[in-house]
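Some notes on the structure that comes next.
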Number of protein chains: 2
Amino acid sequence: MLKTDGDGPADAASRRDEGAVSRFVERFAAQLTDAGMQRMAARVFAQLLASDGGAMTSAELGEALRISPAAVSGAVSYLTQVHMVSREREPGSRRDRYVLHNELWYETFTRRDQVLTQWGKTLREGAAGLGAHSPAGARVAETAAFFEFMQGEMLGLMDRWRAHRATLDLG
Amino acid sequence: MLKTDGDGPADAASRRDEGAVSRFVERFAAQLTDAGMQRMAARVFAQLLASDGGAMTSAELGEALRISPAAVSGAVSYLTQVHMVSREREPGSRRDRYVLHNELWYETFTRRDQVLTQWGKTLREGAAGLGAHSPAGARVAETAAFFEFMQGEMLGLMDRWRAHRATLDLG
DNA sequence: CTCAAGCTTCACAAATTTGTGAAACCGCCG
DNA sequence: CGGCGGTTTCACAAATTTGTGAAGCTTGAG
C-alpha cells in the first residue's frame with residue numbers, strides 16, 4: 001500500500017487534495033456519461049486523467065473509485081477497445097498498469113475517423129437505394145457529403161492541434 | 001392508412017422501395033445508437049432523413065417504424081431538445097409535422113459548441129484544483145486546451161462546410 | 001514444481017431504461 | 001357547448017444494462 005486512504009488534512013502543498021481530485025473526477029465523468037459514455041469507463045478515464053503519472057493499477061483505480069476489480073476490468077477493457085487507454089505490464093511485478101496515451105486527443109479523434117467512414121458508407125448506400133434524384137436521396141447524399149467533408153478536415157485539424165499544443169506552456 | 005405495409009415488389013421507378021428505405025433507416029439508426037443516441041430518437045431521425053419532404057407526422061412515423069404514438073412523442077421531444085428537429089403545425093389540420101432543419105449539420109454541430117464550453121469549464125476548474133504545476137494538473141489543463149482549441153476551430157470549419165455544400169450537385 | 005498475486009469471467013441481483021396501453025388534455029369543428 | 005382528432009402524460013411491465021462476489025485462469029517468484 002502506497003499511502004493511507006484517509007482523507008486527512010493535506011499536509012502542505014506537496015500532497016494532492018484528494019477531495020478536490022474526487023470532485024473533479026466525478027464531475028467530469030458525469031459529463032462524459034451524459035455524452036453517451038459508459039459510466040464506469042468515464043470514471044476510470046477521468047481518474048487516470050487526474051493522476052500524476054497518467055497511469056494507475058487496477059487496485060489503485062478500485063480504491064480511488066470504490067469499485068470492484070470486476071468493474072475496473074470491464075471499464076478498462078472498453079477503454080482499451082476504443083484506444084483511449086493501453087495496458088502495460090509493470091516490470092518486476094505482475095500488476096498491469098493502465099496508461100493514457102500521451103498524444104491522447106490526437107489519437108482519439110483520429111480514431112473517430114473510422115466511425116465517420118462507416119457512417120459515410122451506410123449513407124452512400126442509402127442514398128443510392130433511394131435514388132440520387134429523389135429528394136430523400138439528395139438529403140441522405142448531403143449528409144454523406146458532410147461526413148466525408150469532416151473526415152477530410154480532420155487530419156488538418158489534428159495537425160493544427162499538434163502545432164498549437166507544442167506552443168502551450170504546460171506545468 | 002395510406003398504403004399497404006407489405007414488402008411487395010416496388011411497382012416501377014415511381015414508387016419508393018420501402019424495403020430499401022427501411023433497411024437504410026434501421027442500419028443508420030443502429031450506428032447512431034452505437035454512438036450513444038437513444039434508440040427511438042435515432043430511428044425517428046433516420047426515418048425523417050430518408051423521407052422526401054424531410055418532414056413527417058406522428059402517425060406516419062408510427063406506421064413506418066411500427067412504434068406507438070407515445071414512443072414517437074418521446075423521441076421527438078428529445079430531438080427537439082437537441083435542436084435536430086422542429087415542430088410545425090400543419091395548417092388546416094390539427095396534426096403536427098416534425099421537420100428536419102435544412103441547415104441540419106451546420107446547426108447541430110454549432111450547437112455542440114456549448115457542450116465543449118461546459119467541458120472546458122469543468123476541466124479548467126479541475127486543473128486549478130490540482131495545481132497548475134503538478135503533472136496531473138498539467139494533463140487536465142492540456143485537455144482543457146484541446147477542447148478550447150476545438151471550439152475555436154469549429155466556427156471556421158462549419159463555414160467551410162457551408163461553402164463546400166454550396167458547390168455540391170444534389171439531386 | 002508449487003504457491004500465490006492479480007486479472008478476467010461467470011452468474012446473478014439490483015437498478016435503470018425503454019416502450020406500451022390507457023387516460024388526460026388541448027384546440028378546432030360543427 | 002359537446003364531440004372528436006391528435007398529442008402528451010402516466011404508471012407499469014419488460015428488457016437491458018450495470019456492478020458485484022466468487023470462482024477460475026495465468027504467470028512470475030521462489
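Note on naming: letters A, B, ... go to the chains in the order of the sequence lines (proteins, then strands), and numbering restarts at 1 for each one.
B/His101 places no side-chain N or O within 3.5 Å of a backbone atom of B/Glu107 that could act as its donor or acceptor partner.
As rounded to whole Å, 12 Å separates atom P of D/dT8 from atom CG of B/Leu61. The CG-C1' distance, from B/Asp96 to C/dC28, rounds to 13 Å in whole Å. A straight line from CD of B/Gln38 to C1' of D/dT17 spans 15 Å, rounded to a whole angstrom. Atom CZ in A/Arg39 sits about 12 Å away from atom P in C/dA15, given to the nearest Å. Regarding B/Arg66, its CZ atom lies at a distance of 12 Å from the P atom of C/dG21, rounded to whole Å. Rounded to an integer number of Å, the gap from CE of B/Met56 to P of D/dT7 is 13 Å. Atom CE of B/Met40 and atom C1' of D/dT16 are 13 Å apart (whole Å). Rounded to an integer number of Å, the gap from A/Arg89 CZ to C/dT8 C1' is 12 Å.
Sorted by first and then second residue, the pairs that involve residues 127-144 of chain A and meet salt bridge (Lys or Arg N to Asp or Glu O under 4.0 Å), not counting sequence neighbours, are A/Glu142-B/Arg165. Residues in residues 77-89 of chain B take part in these salt bridge (Lys or Arg N to Asp or Glu O under 4.0 Å) pairs, two or more places apart or across chains: B/Arg87-B/Asp96, B/Glu88-B/Arg97, B/Arg89-B/Asp96.
Of all nucleotides listed (D/dG21, D/dT8, C/dG21), D/dT8 comes nearest to the side chain of B/Pro69. Listed candidates were C/dT8, D/dG21, C/dG21. Nearest to the side chain of A/Tyr98 is C/dT8. For A/Arg95, counting side-chain heavy atoms from C-beta on, the closest listed nucleotide (C/dG19, C/dC7, D/dT7) is C/dC7.
Geometrically, B/Arg160 does not engage A/Phe149 in a cation-pi contact defined by less than 6.0 Å to the ring centre and at most 45° from the axis.
Taking side-chain N and O atoms only, A/Arg87 has a distance below 4.0 Å to OP1 or OP2 of C/dT8. In this structure, A/Ser58 reaches the C/dC7 phosphate: one of its side-chain N or O atoms is under 4.0 Å from OP1 or OP2.
The nearest heavy atom of DNA chain D to A/Ile67 and to A/Arg94 marks one nucleotide each, and the one closer to the 5' end goes with A/Ile67. Mapping A/Arg43 and A/Ser93 onto DNA chain D by nearest heavy atom places A/Arg43 at the nucleotide closer to the 5' end.
Atom CZ of B/Arg112 is surrounded by 12 or fewer heavy atoms from other residues, nucleotides or ligands within 6.0 Å.
Close placement of the B/Phe146 and A/Phe109 rings is indicated, their centers lying within 6.0 Å of each other. A centroid separation of less than 6.0 Å is found between the aromatic rings of B/Phe147 and A/Trp105.
Looking at residues 22-33 of chain B, you'll see that no heavy atom sits under 4.0 Å from any atom of DNA chain D.
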